[in-house]
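Read through the structure below, which is laid out as structure tokens, and then see the notes.
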Amino acid sequence: MVDLKDMTTEEIEQFFTEFGEKKFRGRQVFRWIYGRETDSASDFSDMTDLSKELRERLADSGAYISSMKILKVQASKKDGTRKYLLGTGDGMAIETVFMKYKYGNSICVSSQAGCRMGCRFCASAEGGLKRGLTAGEIADQILTVRRDTGETINHVVIMGTGEPFDNYEQVDRFLKIISAKEGIGMSLRNITVSTCGLIEGIKRFTGEWPQVNLAISLHAPDDERRNEIMPVNRKCPVKEVVKAAGEHAEKTGRRVTFEYALMDGFNDSIHDAEKLAGLLRGMLCHVNLIPLNKVRGSAYSGTGREIAEAFRVRLEAWGVPATIRRELGSDIDAACGQLRASYSGTTTGVI
Ligand code: SAH
């Protein structure tokens, strides 16, 4: 049983060669799966430019094209954000968010079902890791949302549930699949990968994907506090994460984004802003300040507007560009850190 949706163009060509067919048949099938705006094929019988004999032989071989099921859609009344609960073939539920911005439509995809990073303030950490998603499952989030909304998707952020560098191989293959010109043809410059700071992953990414945007979740300016909220910091301490980010900016010439969730009375003082600026100044970077979103059962709460603004101003005064992120979808728990691995059945929505 092999899932053709989970193949890069090279892999699908090889599959067809081994199947005794011409290489170009692979790209032809890839186009059927990924290259059509809203009606991607999910069945070999749809592929009308393949001979009937080949279509039958494919179906008999056990090859198939997987498809996520839409379990639930919640639409924000405030801003057009749509949160999808999608089901995988083996019964996992993952969340994907579609957002409309002035500059185009954006999708936030999950890279794992669950997450094992254990960040104390994040809903995705509850329940731990179920499993990494396949490249095909990550990419299918885009196909599914594109089909459901009928809209073009211009930007992709890997900022949903999961840690992308804890599933590096699949994320790597996902980037190949969605940037292939025979398929979605997404520009690498319009893709952002966000990591909690796995240093080996950052280094590998710098070498392999220099055109893709890198975002790093920092959230605290020193080890003491970062250890408290992000267990990963014991393995990947702040200064080393910042160093790897600096090398990324230098080698790629691209601006690194740092995400910093402002938590009331915890990491939001003027002194903290100066400490953070001290770490980052001089680097080609930008800080995205996100007043922490509420997560049930979490000990931390978000910083108010005024203090957030004072924090931003101090960072800029110290030469570090910063913006306060406008949160979309908070009324449907679709904002950063509010995505969950499983479906609790307590929320209401449109099916
Ligand atoms: N594991 C990756 C991808 C998740 S991205 C990473 O850590 O970067 C999700 C972003 O939302 C991360 O920056 C994460 O730290 C942030 N986040 C998590 N919980 C949050 C919350 N309650 N409020 C605001 N941002 C949160």
Side-chain angles (χ1 to χ4, degrees), residues 83 94-97 99 106-129 132-133 138 141 155-168 170-171 174 191-199 201-202 205 212-220 225-226 228-233 235-236 238 241-242 244-245 248 256-264 266-268 285-304 308 311 323-330 332-341:
K83 180 168 80 163
I94 57 147
E95 291 184 314
T96 302
V97 184
M99 290 158 288
S106 184
I107 185 170
C108 175
V109 297
S110 292
S111 56
Q112 299 182 310
C115 184
R116 61 171 159 179
M117 296 298 125
C119 299
R120 304 271 182 263
F121 48 84
C122 181
S124 303
E126 288 167 25
L129 177 68
L133 298 179
I138 307 174
Q141 298 171 52
H155 296 263
V156 177
V157 298
I158 310 183
M159 291 193 188
T161 304
E163 166 51 42
F165 292 165
D166 188 35
N167 192 19
Y168 193 101
Q170 298 303 319
V171 168
F174 161 76
I191 307 172
T192 301
V193 175
S194 178
T195 176
C196 63
L198 297 180
I199 291 162
I202 297 173
F205 188 72
V212 176
N213 303 299
L214 176 68
I216 296 186
S217 300
L218 209 58
H219 304 324
R225 273 173 297 167
R226 201 163 185 266
E228 193 180 322
I229 52 172
M230 298 176 72
V232 67
N233 193 68
K235 214 175 59 182
C236 303
V238 170
V241 174
V242 169
H248 179 87
V256 174
T257 299
F258 288 97
E259 290 152 292
Y260 192 95
L262 288 165
M263 307 179 202
D264 188 26
F266 177 73
N267 64 356
D268 62 353
C285 73
H286 173 263
V287 176
N288 231 328
L289 298 167
I290 318 157
L292 190 82
N293 293 307
K294 265 197 219 99
V295 171
R296 248 181 302 147
S298 161
Y300 304 94
S301 56
T303 296
F311 195 97
T323 44
I324 299 177
R325 185 187 283 175
R326 191 167 73 89
E327 281 294 352
L328 297 181
S330 54
I332 51 169
D333 278 357
C336 297
Q338 295 184 314
L339 301 185
R340 283 160 200 279

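Just follow the structure's listing: the first ligand is 1, and inside any ligand the first atom is 1.
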Going by the order shown, which atoms of ligand 1 are within less than 4.0 Å of some heavy atom of [X]?
X	answer
Cys196	6 (C), 7 (O), 8 (O)
Cys122	18 (C), 19 (N)
Leu292	21 (C), 22 (N), 23 (N)

(request) Could you tell me how the ring of Tyr168 sits relative to the ring of Phe205: parallel (under 30°), tilted (30 to 60°) or perpendicular (over 60°)? (result)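 Perpendicular, since the angle between the ring planes exceeds 60°.
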[atom]: which protein heavy atom is closest, and how many Å away?
atom	answer
atom 15 (O) of ligand 1	His219 NE2, 2.5 Å
atom 4 (C) of ligand 1	Gly160 O, 3.6 Å
atom 12 (C) of ligand 1	Ser217 OG, 3.2 Å
atom 20 (C) of ligand 1	Gly337 CA, 3.3 Å
atom 23 (N) of ligand 1	Asn293 N, 2.9 Å
atom 2 (C) of ligand 1	Ser194 O, 3.2 Å
atom 11 (O) of ligand 1	Cys336 CB, 3.4 Å
atom 9 (C) of ligand 1	Met159 O, 3.5 Å

(message) Below the 3.5 angstrom mark, is there an N/O of Ala261, backbone or side chain, next to an N/O of ligand 1?
(response)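 Looking only at distances, the answer is no, because the N/O contact criterion of under 3.5 Å is not met.
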(message) Considering both backbone and side-chain atoms of Val295, is one of its nitrogen or oxygen atoms within less than 3.5 Å of a nitrogen or oxygen in ligand 1?
(response)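 No, no N or O pair falls under 3.5 Å.
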Determine the minimum heavy-atom distance between [X] and [Y], stating which atoms define it.
X	Y	result
Ser194	Pro164	O-CG, 3.0 Å
Met159	Ala215	CE-CB, 4.2 Å
Asn233	Val238	OD1-N, 3.1 Å
Arg225	Asn267	NH1-CA, 3.9 Å
Ala220	Tyr260	N-CE1, 3.6 Å

(request) Quick one: list whatever passes side chain to side chain donor-acceptor pair (under 3.5 Å) with Ser301, sequence neighbours left out. (result)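 Per chain and number, Ser301 pairs via side chain to side chain donor-acceptor pair (under 3.5 Å) with no residue.
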(request) Give a yes/no verdict on whether any heavy atom in Ala123 is under 4.0 Å from an atom of ligand 1. (result)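 No, that is not the case, since the closest heavy atom of the residue is not under 4.0 Å from the ligand.
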(request) Taking atom types as modelled, find out whether Glu163 and Ser111 have a side-chain donor-acceptor pair closer than 3.5 angstrom. (result)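 Checked: Glu163/Ser111 side chains show no N/O donor-acceptor pair below 3.5 Å.
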(message) Side chain, backbone, both or neither: which applies to Ile216 and ligand 1 if a contact is any heavy-atom pair less than 4.0 Å apart?
(response)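 Contact part for Ile216 vs ligand 1: neither.
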(request) Just let me know how Glu259 lines up against ligand 1, side chain, backbone, both or neither, with a heavy-atom cut-off below 4.0 Å. (result)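 Contact part for Glu259 vs ligand 1: side chain (C-beta onward).
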(request) Working to the nearest 0.5 Å, report the span between CG of Leu214 and CD1 of Ile191. (result)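 Spacing of CG (Leu214) from CD1 (Ile191) equals 13.0 Å.
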(request) State plainly whether the residues Glu228 and Arg120 are in salt-bridge range, i.e. N to O under 4.0 Å. (result)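 No.
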